[in-house]
Every structure is written in C-alpha cells, then in structure tokens.
Amino acid sequence: RNSIRLSFACPPPKESTALGAMPRKPIVGGNWKCNPASMKDVRSLVRAWESSDSRASWDADKVDVVIFPPALWLNDVKSDGMAIGAQNVSKTGSGAFTGEWTAEALVDLGLKWTIIGHSERRTKYGETDEDTAEKIAKCQEAGLNVIFCIGETLEEREANKTDEVNKRQLTAVIPKVKDWSKIVIAYEPVWAIGTGKVATPEQAQEAHAAIRACLKSSVSAQVADDVRIQYGGSVTPENCAELMSKPDIDGFLVGGASLKPTFTDILAAAGPSAMTTSWPKYQAKLEKEGLNESAIKAFKYNYRMLVCKTDMMIPESKLDPVESLPEYEKLKVKSDPKLLKKTVILKLNGGLGTGMGLEKAKSLLEVTNGNTFLDLIAKQVESMKTEFKVKDLKFMLMNSFATSKDTLEALSKYSDLGTADDLEFVQNKAPKVDASDFSPATWEKDSSHEWCPPGHGDLYPAMVGSGTLDKLLKNGFKYMFVSNSDNLGATMDLKILTYFAQSKAPFMMEVAERTDADKKGG
C-alpha cells in the first residue's frame, strides 16, 4: 500500500489519535449540491432507493453511506441505513455571520457529517487552504465527522503537479487534526467532476497511494493505514467496481450519480449484501431442484427481508384491539348445505418441525385409543358427510416433501377421502440459510437436509405453483376452510360457512376471547 515514495517533503508528525488496526470500512457519500429541484423529486428518489430490490442490494454493516442534500432539506431527507450530512460548515463560531452555520449547530441538529474543501467551494467561492484548516479545527472541537476534499485541476495534472497540489491542500489541515477517526479524505480530480471524464483506476490508485504515503510520513503509519480515502469524479455504476478493487480506494464521493435510483448499484459495489453475493447461488439451486416460479418468488421475498434485517414484528403496543365482532351464538342465518359442494376442507400438514429435528409430522402421533391426528380428521370428515348428506365433500391436505409419503400411507385405509393429487398438494421447499453469512447451507452427507418446508405462509404460492388453485376453481369450488392438522377443534361449521358466503367477504377468521393462556411470544 505504501510502495510509492513522494518526491516532496511533508511536515513533521503531529500528535494525533490513531484509529487502531482494523480493516477500513468503505464509505460512500452522495453530494447532491443544489439538486434536485423539489422535495417531490427527493421523495421520489428516496422511494426508489428503498424499493425492495434496491435496498436489498447493499449492506449497511459493510459500507457507511452519507447523503449531503441542500441545507434546506437537512432534516427532511431520511432513508434506511443512510446518514445525513451538510455540504458546508462555517469557519467561525456563533455570532453575526449571516448565511453561515456552525459545526456546533449541525451537531445540535443531530448531524454527524459535513464536507469541507470541495473544489466548487474553492474555485467559485474563494475558499483557501487556510479557510479549510479553520473549518477542520471547528469540526474537531464539535466532534463532527468531515469528508475533506482535495484534488488538482486539468492544467495542474498536465503540468505533473497532482502530488504537489494534494500535498499542499492536505498539509494545510494536518496540524488542526487531533482525532483522525473523524476524518475521511476524498480525492477528487477537478477535471473529472461532472465532466464525464474519470481517472483511470491506475491513476486514482497512484494518487491515493501518494496521499497515504504523505500521511505516513507526516502523521504516523497507523493513521496512514487507517484513514479512509474516497475517490470522486464522475463515478458511475459502470466504473465503480474496478475503482473499488484498488487497494487504497475506500469508497466514493458521488455527485450526479447520487441523484439517480441506480446510486444503490454503487453502494452494492462498495458494500454488497448477501442478496447481491448469494442470491445467484440460491436462484441456481432452486431452479436445479425444479421449483416453480411462484416458489422462487416467495423465497426471494423472504430472503430479501432477511438480508435487509427488516423488522417484521409488530409490537403489541402498536396494535389496537377490535372493539366488537359478531358472536357465533347470535348469528341468525339459515344453514345452507348446498354450499358444501363448493367448499374445500384443507388441513395444513406441512410438518415444519421436520426441518427442525422431528422425524415425521405431528399429525402422525397417536392422540387417543390408537388414533392419530390423521385418523381423527378422517373420521370427522366421514361424520360430516353423513350429517349433511354430502357424499362428495372435498377434503385436501397441504403436505410437504417431508410428510407426503407417510401421510398418504396412513390415510390409504380411508379410500373415500381421495388419493394422490385429489387428496394432497405438496408445498414448496425452501433452502436452509447459513446464519453466519446468509449463504446457502450445505450438507454433503445428505443433501435433503439442506431443505425445509417453508411453513403455512406458503399456502398461496404452493396452490398457484402446483396448479391446485386453477384446478379447484375450474371444478366450481369457491370456498376453502383452512386449519392446522393438529388442531382437532377446528372443524367445518356450516353455520359459519353460510354466514361467510352471505357476507361476501374474501377472508374470515374464527377467533376467541383472549385469556392469559393465549399470550405467547410469536
């Protein structure tokens, strides 16, 4: 990293706080300058960033992200995983300084970052090296993190003065820095900013290595190794990966590209999430196993929520109780047995526990007098057929790859229930995820252990993917009663079915008054 020796002398080392030996975490800044035109545009951009695929592509644990909007919007721009910073800060403290804002004021707003020394501040507003040094000092006093910009013009590069300019701008502030953990250096060749021109990866690496060598000789080897150095200048999703591959480039300060939905592609290059690195492996594994499109989409959604660390729990403090519901005893409907011919009784028999160590579905366990759950379910269905005089009452199971064979064997003695596809459809299978890095889990001794039933939430994808939904609709079925196979108290009630049909609601749930016994986690 420190193989390039500079031909200029740096000032003697100053006392500073080193960061400690650790890998440098990439950092990407989005400098919006005086853009976009309105808050409406801001909201549209943030929505695009927070769309499921975009947000899932990068990992906030692997890359720091700071957005620098115009000052008027500092408190209005918010996006998951991104910090907000100011594009400028005053070199003064509080007082009669119209149009300025202090480092202390930014900290008071809850901000942790600011930019200092951007070339546009230097060339358009006359900001000098001395000004940047004074601003750095104020930020150090306030505890504000700084992205400090340095870089040469085209004329200076053509005159071979790149290192000279970077040295001059950097050494002007070195004496003011006491805590280097709050400094990020952004090398921005002025000739590449907003021009579409970009330094080659080799040019950028050479400049970054020279900056790091200067820090080593003027501050300390530890600071030189630990300070993060960004590249800025027409960075795009197309060129960022090659730039990022260089050993001394630790991220980017992005201008125009940070105003586009594809900004998250740059974040993914700097700090790829498991969605970016591992999803192609899952895609190939799912397709090789022959899973249908619905199953793949369902798993991809759940996997995306996992890698994004999305909190799917709704705390009880945010739930309002239902004030009233129709009571079963007070329902005044005349039961309509004809509805049973349009109704499917479905028992969920997926055996999620078989993916956690159970050798068979719970429904195969004996309940009483030699009867398993499945035996009692079959007898309940036979009883309903007799009671309502409906010989062709439709009964089905949603099995899993772990429960299908044993379940069909156990029910083979009840021939009136149906067989094969008329009796069951099999829910999809989901690949197990390695908790350490979210990659696909592998088990060479028995690859079947790499899969598990996805649970009852797979009901709709499994019905669609297996063709069961279309088949039932084609055969005139309109209603479905769904319950767990180990819940023997959940039986088809014709009175409730009739009430449901008359309500024309798409979904109805039978519930009970809650007691302390019903309070459990999950």
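Bear in mind that the values here come from a model prediction, so they are computed numbers and not experimental data.
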request  = Can you label the angle between the Tyr231 ring and the Tyr187 ring as parallel, tilted or perpendicular, going by 30° and 60°?
outcome  = tilted
Over 12 foreign heavy atoms within 6.0 Å of [atom1], [X]:
X: Lys297; atom1: NZ; answer: no
X: Lys62; atom1: NZ; answer: yes
X: Phe97; atom1: CZ; answer: yes
X: Lys309; atom1: NZ; answer: yes
X: Lys161; atom1: NZ; answer: no
X: Ile314; atom1: CD1; answer: no
X: Glu202; atom1: CD; answer: yes
X: Glu293; atom1: CD; answer: no

When you compare the side chain of [Y] with that of [X], does any pair of heavy atoms fall below 4.5 Å?
X: Ile84; Y: Lys112; value: no
X: Ile211; Y: Ile150; value: yes
X: Leu291; Y: Phe299; value: no
X: Ile147; Y: Gln230; value: yes
X: Leu459; Y: Phe425; value: yes
X: Trp113; Y: Val146; value: no
X: Pro453; Y: Phe401; value: yes
X: Leu267; Y: Trp49; value: no

ask   = Is any NZ, NE, NH1 or NH2 atom of the basic residue among Lys432 and Glu450 found under 4.0 Å from an Asp or Glu carboxylate oxygen of the other?
value = no
ask   = Are the charged groups of Asp250 and Lys25 less than 4.0 angstrom apart, N to O?
value = no
note = Residue pairs meeting salt bridge (Lys or Arg N to Asp or Glu O under 4.0 Å), one or both in residues 44-57, sequence neighbours left out, come to Asp53-Arg304, Arg55-Asp80
Do we see a donor-acceptor contact under 3.5 Å between the side chains of [X] and [Y]?
X: Ser54; Y: Ser51; answer: yes
X: Asn88; Y: His118; answer: no
X: Gln427; Y: Ser400; answer: no

message = Please determine whether side-chain contact (heavy atoms from CB on, under 4.5 Å) holds for the pair Asn166 and Leu170, giving the CA-CA distance in whole Å, both sets of side-chain angles, and the decisive distance to 0.1 Å.
response = CA-CA 6 Å; Asn166 288 340; Leu170 180 58; 5.9 Å; no
task = For Val177 and Gln140, run side-chain contact (heavy atoms from CB on, under 4.5 Å): C-alpha distance rounded to whole Å, both residues' side-chain angles, the deciding distance at 0.1 Å, then the answer.
result = CA-CA 7 Å; Val177 180; Gln140 288 274 293; 3.9 Å; yes
task = Please report the C-alpha distance between Trp58 and Ile266 in whole Å, then the side-chain angles of each, then the deciding distance to 0.1 Å, and finally whether the side-chain contact (heavy atoms from CB on, under 4.5 Å) criterion is met.
result = CA-CA 9 Å; Trp58 60 280; Ile266 298 175; over 6 Å; no
query = Can you check whether Ala192's main-chain N or O pairs, donor with acceptor, with Ser234's side chain at less than 3.5 Å?
reply = yes
query = Atom CG of Leu243 and atom NE2 of His208: how far apart are they, to the nearest 0.5 Å?
reply = 8.5 Å
task = Quick one: pull up OG in Ser273 and CG in Leu306 and give me the separation to the nearest 0.5 Å.
result = 10.5 Å
For the residue pair [X] and [Y], what are the closest heavy atoms and their distance?
X: Val254; Y: Val235; answer: CG1-O, 4.1 Å
X: Val426; Y: Ala462; answer: O-CB, 4.4 Å
X: Val66; Y: Gly85; answer: CG1-N, 3.9 Å
X: Phe438; Y: Ala435; answer: CE2-O, 4.1 Å
X: Pro272; Y: Asp59; answer: O-CB, 4.0 Å

key: Partner of Lys135 under salt bridge (charged side-chain N to carboxylate O under 4.0 Å, His left out), chosen from Glu100, Glu127, Glu141   = Glu127
request  = Test salt bridge (charged side-chain N to carboxylate O under 4.0 Å, His left out) on Asp129 and Arg122 and set out the steps.
outcome  = CA-CA 8 Å; Asp129 291 340; Arg122 296 176 187 267; 2.9 Å; yes
